[in-house]
Amino acid sequence: MKSGLESLHQVPLGKREWDKAARLAFELRRRGKTIPYTDILIGAVAFLYDLTLLHVDSHFDLIAEEVPLRVESFVGQL
């Protein structure tokens with residue numbers, strides 16, 4: 001029996017992704033939005049690979065207000 005996590009897409013996490021996250025963190029901070037770096041990294045990778053990010057974390061909605069990150073929010077639905 002396969003684990004549910006095995007069915008998820010895997011994306012690389014290398015220099016390109018870290019650089020995008022660093023630039024995104026800088027831009028968000030410049031616009032007055034302080035977001036945990038782990039969320040910025042996840043958001044940056046989803047943005048780079050044009051993935052829809054399903055989440056229950058309002059930080060991703062804040063990121064999507066600033067960049068064309070596709071999100072599907074389940075905040076408040078749990």
Side-chain angles (χ1 to χ4, degrees):
M1 177 156 82
K2 286 190 168 189
S3 162
L5 294 177
E6 289 177 348
S7 66
L8 297 176
H9 292 283
Q10 294 184 24
V11 293
L13 188 57
K15 182 174 178 359
R16 176 179 178 235
E17 292 75 21
W18 283 102
D19 288 348
K20 178 65 177 174
R23 286 190 304 273
L24 180 59
F26 176 79
E27 284 301 318
L28 291 170
R29 184 67 180 127
R30 213 174 81 175
R31 297 174 189 178
K33 295 186 178 183
T34 304
I35 296 173
Y37 204 75
T38 52
D39 291 350
I40 290 174
L41 180 60
I42 292 167
V45 170
F47 174 74
L48 276 173
Y49 291 95
D50 195 31
L51 303 171
T52 299
L53 183 55
L54 309 177
H55 70 87
V56 292
D57 184 333
S58 61
H59 291 123
F60 296 116
D61 293 324
L62 293 173
I63 295 170
E65 290 174 3
E66 302 297 332
V67 297
L69 172 64
R70 290 185 301 146
V71 294
E72 190 170 331
S73 179
F74 294 92
V75 172
Q77 296 183 23
L78 292 180

**Study point:** Derivation and outcome, side chain to side chain donor-acceptor pair (under 3.5 Å), residues D39 and H55
**Key:** CA-CA 11 Å; D39 291 350; H55 70 87; over 6 Å; no

Practice item. Search all heavy atoms of Y37 against all heavy atoms of A25 and return the closest pair with its distance. Key: CE1-CB, 3.7 Å

Give every donor-acceptor pair under 3.5 Å between a side-chain atom in residues 42-54 and any protein atom, sequence neighbours left out.
residue	atom	partner	partner atom	Å
Y49	OH	E17	OE2	2.5
D50	OD1	R70	NE	3.4
T52	OG1	R70	NH1	3.2

Practice item. Would you sort out whether E65 and K33 count as a side-chain contact (heavy atoms from CB on, under 4.5 Å), showing the intermediate values? Key: CA-CA 10 Å; E65 290 174 3; K33 295 186 178 183; 2.7 Å; yes

Point to revise | Interatomic spacing from CG in L62 to CG in L28 - rounded to 0.5 Å | key: 8.5 Å

Practice item. Could you grab the distance from atom CZ of F60 to atom CD1 of I40, nearest 0.5 Å is fine? Key: 10.0 Å

Point to revise | Any side-chain heavy-atom pair of E66 and R31 under 4.5 Å | key: yes

Practice item. Walk me through it: do H59 and D57 pass the test side chain to side chain donor-acceptor pair (under 3.5 Å)? Key: CA-CA 5 Å; H59 291 123; D57 184 333; 2.9 Å; yes

Point to revise | Rounded distance [0.5 Å steps], CG in L24 versus CD1 in I35 | key: 7.5 Å

**Study point:** Contacts of F26 that satisfy side-chain contact (heavy atoms from CB on, under 4.5 Å) - sequence neighbours left out
**Key:** R30

Practice item. Answer whether the closest heavy-atom distance between the side chains of V56 and Q77 falls below 4.5 Å. Key: no

Review point. Listed by chain and number, what are the side-chain contact (heavy atoms from CB on, under 4.5 Å) partners of T34, not counting sequence neighbours?
Key: R29

